[in-house]
*Asks:* 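Would you mind keeping the following structure in view while I ask a few things?
Read the numbers this way: they start at 1 and go in the same order the structure lists the ligands and their atoms.
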Amino acid sequence: MVYCRIATLPQGDYMQYTKERDIQLTIESESQPTKQSSVFYNPAMQRNRDISVSCLSSASQDSNEYWEVGDPLAGTGIRGLRYLTEVASVSTAHLNDSNPRAVENIRMNCRYNAISQQQAHVSQQDANATMHQHRNEWNYVDIDPFGSPRPYLDAAATVLRKSSAIGVTATDLAVVCGAYPQTCRRRYAATPLKTQFCHEIGLRIYLASAFMSCAHRDKCLIPRLCWYEQHYIRLFGTVQQSAKQTNKHLSCIGYLSYCNRCLYRRLEKTTVATCPHCDSALQHAGPLWIGSFADPAFGNHVLADLEEREYTDAATLIRSVVEEASITQPYYNIHQLAKYAKTNAVKRDQLCEFIQSLGYQCAPTHFSPIGIRTNCHIDQLYDAMQTL
Ligand SMILES: C[S@@+](CC[C@H](N)C(=O)[O-])C[C@H]1O[C@@H](n2cnc3c(N)ncnc32)[C@H](O)[C@@H]1O
């Protein structure tokens, strides 16, 4: 994998150019980008940005106004620049970074790509200060920090208009996946759980946290397309100013109950002490989001947009997210199921087809190449494994 650092002019010696889709960027080679890099750019996050372009395009396309978007942790400005050039309804982007070298680089990248000062409003401020300054003004905000998005979520909820959208990248996965339970409680007010499906639990903890930040401002965040890959989790949702809607969706905040003896798992409003399958004591995680993390209609729209743009890798990932979107039950790891059922692991497609033939929903999950999501009962799952 190639990582790059952006250099400032006139240190021309190490400057080189790269292109991400239609955007020209100036970069300087570096073995690993870090917080100390002068300006951060990670080409491995291109797929994240590709999908974000299609999400924004889908969310804004029925709007009867031009969209003003914000990229308050902009780095090179690549996200905002791509939104301006690839999403027809975006008229203005606020590109902000606290690092003066990043800001200089954003200005340079705007010039190279013929983006005018009317289109791109460039600033050097703390991200939260900039979002508080633009209270209720932006149609979309993209939170893409180093590590945890938590320090920026309240201001993000503040900057959004009555009808708007939000994108959030999180990379502190070890925290929400159970490696640092105290940090998770402190940062997200939630208890994590180390399990074979901990990335799904993590995604749901992030969602609940982002939802509550919006809820504090009577804004209702509805997840439209969320996914996990590589080292990050990404949330994309629409936001409506409505205390009534927010109250209604409070029912999507609850807990995970999990039995590490028989692998029973369930998302529910309240915690249950004993496993209904084997009577063992249950473990719990949460509060977390217990509703869907993707909306199939929205996901299909994004998928069609990705296919039209020929963003093939991104389309493959989103096709998988959409396929599993209507099943909310947490996913199972086939190898772990096989171990508990005292049988050999079976092929994922074969297992899915068999469970579907019994009349249940079942789909591969994008979280793991050996994961399935199904609404069938754990008993029937073990029976299926043994039959196959
Ligand atoms: C992960 S990078 C952004 C990457 C960029 N969005 C992209 O897609 O390439 C995070 C950026 O946030 C900036 N940053 C960190 N803390 C900040 C703060 N409190 N306010 C504004 N910018 C900040 C860093 O300088 C860095 O450029």
Side-chain angles (χ1 to χ4, degrees), residues 1-8 18-28 30 32-56 69-87 90 93-110 112-113 120-134 138 140-156 158-159 166-173 187 206 229-236 311 314:
M1 189 185 296
V2 183
Y3 287 102
C4 308
R5 176 167 69 101
I6 307 302
T8 50
T18 192
K19 219 175 165 203
E20 179 170 310
R21 300 306 181 189
D22 285 339
I23 297 293
Q24 299 278 353
L25 289 173
T26 42
I27 61 166
E28 179 183 343
E30 190 178 64
Q32 280 278 321
T34 65
K35 287 187 188 180
Q36 283 71 44
S37 297
S38 57
V39 185
F40 185 93
Y41 173 67
N42 187 352
M45 291 297 261
Q46 177 176 313
R47 187 159 49 225
N48 175 322
R49 291 184 282 267
D50 286 349
I51 302 168
S52 303
V53 162
S54 289
C55 284
L56 184 54
V69 305
D71 186 2
L73 300 131
T76 61
I78 182 64
R79 277 177 190 273
L81 292 174
R82 287 195 58 185
Y83 297 149
L84 272 172
T85 52
E86 294 185 55
V87 183
V90 171
H94 296 263
L95 309 178
N96 175 79
D97 203 284
S98 56
N99 176 350
R101 294 186 68 164
V103 173
E104 193 183 340
N105 188 252
I106 294 167
R107 292 212 163 95
M108 189 163 64
N109 285 327
C110 286
Y112 284 161
N113 293 281
H121 300 182
V122 183
S123 57
Q124 185 204 330
Q125 261 190 316
D126 174 75
N128 284 335
T130 223
M131 289 189 278
H132 280 293
Q133 219 167 53
H134 291 279
W138 295 351
Y140 172 72
V141 65
D142 202 307
I143 301 297
D144 185 25
F146 293 130
S148 171
R150 192 48 264 172
Y152 307 105
L153 292 176
D154 291 338
T158 301
V159 79
I166 183 169
V168 178
T169 306
T171 57
D172 60 336
L173 303 198
R187 210 172 268 174
Y206 288 137
E229 69 156 345
Q230 300 173 24
H231 64 292
Y232 77 88
I233 282 170
R234 176 79 174 166
L235 316 177
F236 185 92
Y311 294 168

*Asks:* Under 4.0 Å from a heavy atom of Ile78: give me the atoms of ligand 1 that qualify, with their elements.
*Replies:* 7 (C), 8 (O), 9 (O)

*Asks:* If the threshold is 4.0 Å, N to carboxylate O, is there a salt bridge linking Glu86 and Arg21?
*Replies:* no

*Asks:* Report the nearest protein non-hydrogen atom to atom 16 (N) of ligand 1: residue, atom name, distance rounded to 0.1 Å.
*Replies:* Tyr152 OH, 3.6 Å

*Asks:* Is there side-chain contact between His94 and Thr130, with heavy atoms separated by less than 4.5 Å?
*Replies:* no

*Asks:* So, do Met131 and Gln125 sit near enough that their side-chain heavy atoms are less than 4.5 Å apart?
*Replies:* no

*Asks:* Under 4.0 Å from a heavy atom of Gly75: give me the atoms of ligand 1 that qualify, with their elements.
*Replies:* 27 (O)

*Asks:* Should Thr76 be counted as touching ligand 1, given the test is an N or O pair under 3.5 Å?
*Replies:* no

*Asks:* Taking the side chain as everything from C-beta on, heavy atoms only, tell me whether Thr169 gets closer than 4.5 Å to Pro149.
*Replies:*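 Side chain of Thr169 against side chain of Pro149, heavy atoms only: no contact under 4.5 Å found.
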
*Asks:* Residues two or more places apart in sequence or in another chain: which of them pass side-chain contact (heavy atoms from CB on, under 4.5 Å) with Ala314?
*Replies:* Arg47, Asp50, Ile51, Leu306, Tyr311

*Asks:* Which protein heavy atom lies closest to atom 19 (N) of ligand 1, and at what distance to 0.1 Å?
*Replies:* Asp126 OD1, 2.8 Å

*Asks:* If I apply the N/O under 3.5 Å rule, does Tyr41 come out as touching ligand 1?
*Replies:* no

*Asks:* Determine, stepwise, if the pair Asp172 / Tyr206 fulfils side chain to side chain donor-acceptor pair (under 3.5 Å).
*Replies:* CA-CA 10 Å; Asp172 60 336; Tyr206 288 137; 2.5 Å; yes

*Asks:* Is there a nitrogen or oxygen of Leu73 sitting under 3.5 Å from a nitrogen or oxygen of ligand 1?
*Replies:* yes

*Asks:* Within the structure provided, determine whether Ser52 and Arg234 are in side-chain contact (heavy-atom separation under 4.5 Å).
*Replies:*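 When only atoms from C-beta onward are counted, Arg234 and Ser52 do touch, with a gap below 4.5 Å.
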
*Asks:* Who gets closest to atom 9 (O) of ligand 1 by heavy atom: Glu20, Gln125, Gln46, Arg49?
*Replies:* Arg49

*Asks:* Please confirm whether Ala129 comes under 4.0 Å of ligand 1, counting heavy atoms of the residue only.
*Replies:* no

*Asks:* Can you list the ligand 1 atoms lying under 4.0 Å from a non-hydrogen atom of Arg79?
*Replies:* 6 (N), 8 (O)

*Asks:* Among all protein heavy atoms in this structure, tell me which lies nearest to atom 10 (C) of ligand 1, with the distance rounded to 0.1 Å.
*Replies:*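 Atom 10 (C) of ligand 1 sits closest to the protein heavy atom Asp144 O, 3.5 Å.
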
*Asks:* I want to check something: taking the side chain as every heavy atom from C-beta on, are Thr85 and Ile23 in contact at a cut-off of under 4.5 Å?
*Replies:*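 A side-chain contact exists here, since the closest heavy-atom pair is under 4.5 Å.
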
*Asks:* Counting each atom of ligand 1 from 1 as listed, which ones have a heavy atom of Pro145 under 4.0 Å away?
*Replies:*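 Listed by number with element: 1 (C).
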
*Asks:* Side-chain contact, heavy-atom cut-off 4.5 Å: His132 with Thr158?
*Replies:* yes

*Asks:* Do Gln230 and Asn42 make a side-chain contact, defined as non-hydrogen atoms from C-beta onward lying under 4.5 Å apart?
*Replies:*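 No, their side chains stay 4.5 Å or more apart.
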
*Asks:* Got Tyr83 and Asp142 here, is their nearest side-chain heavy-atom distance under 4.5 Å?
*Replies:* yes

*Asks:* At a non-hydrogen distance cut-off of under 4.0 Å, which region of Pro151 contacts ligand 1 (side chain, backbone, both, or neither)?
*Replies:* neither

*Asks:* Do me a favour and list the nearest non-hydrogen protein atom to atom 11 (C) of ligand 1 with residue, atom name and distance?
*Replies:*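 Here the closest protein heavy atom is Asp97 OD2, 3.6 Å.
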
*Asks:* Which of the atoms in ligand 1, numbered in the order shown and given with their element, are less than 4.0 Å from a heavy-atom of Asn99?
*Replies:*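 This gives 25 (O) as the contact atoms.
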
*Asks:* Of the protein's non-hydrogen atoms, which lies at the shortest distance from atom 20 (N) of ligand 1, and what is that distance?
*Replies:*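 For atom 20 (N) of ligand 1, the nearest protein heavy atom comes out as Ala127 N, 2.8 Å.
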
*Asks:* Could you work out, for atom 21 (C) of ligand 1, the closest of Ser98, Ala74, Gly77 by heavy-atom distance?
*Replies:* Ser98

*Asks:* With nothing but distance in play, are any N or O atoms of Asn42 less than 3.5 Å from an N or O of ligand 1?
*Replies:*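 Asn42 vs ligand 1: no N/O contact under 3.5 Å.
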
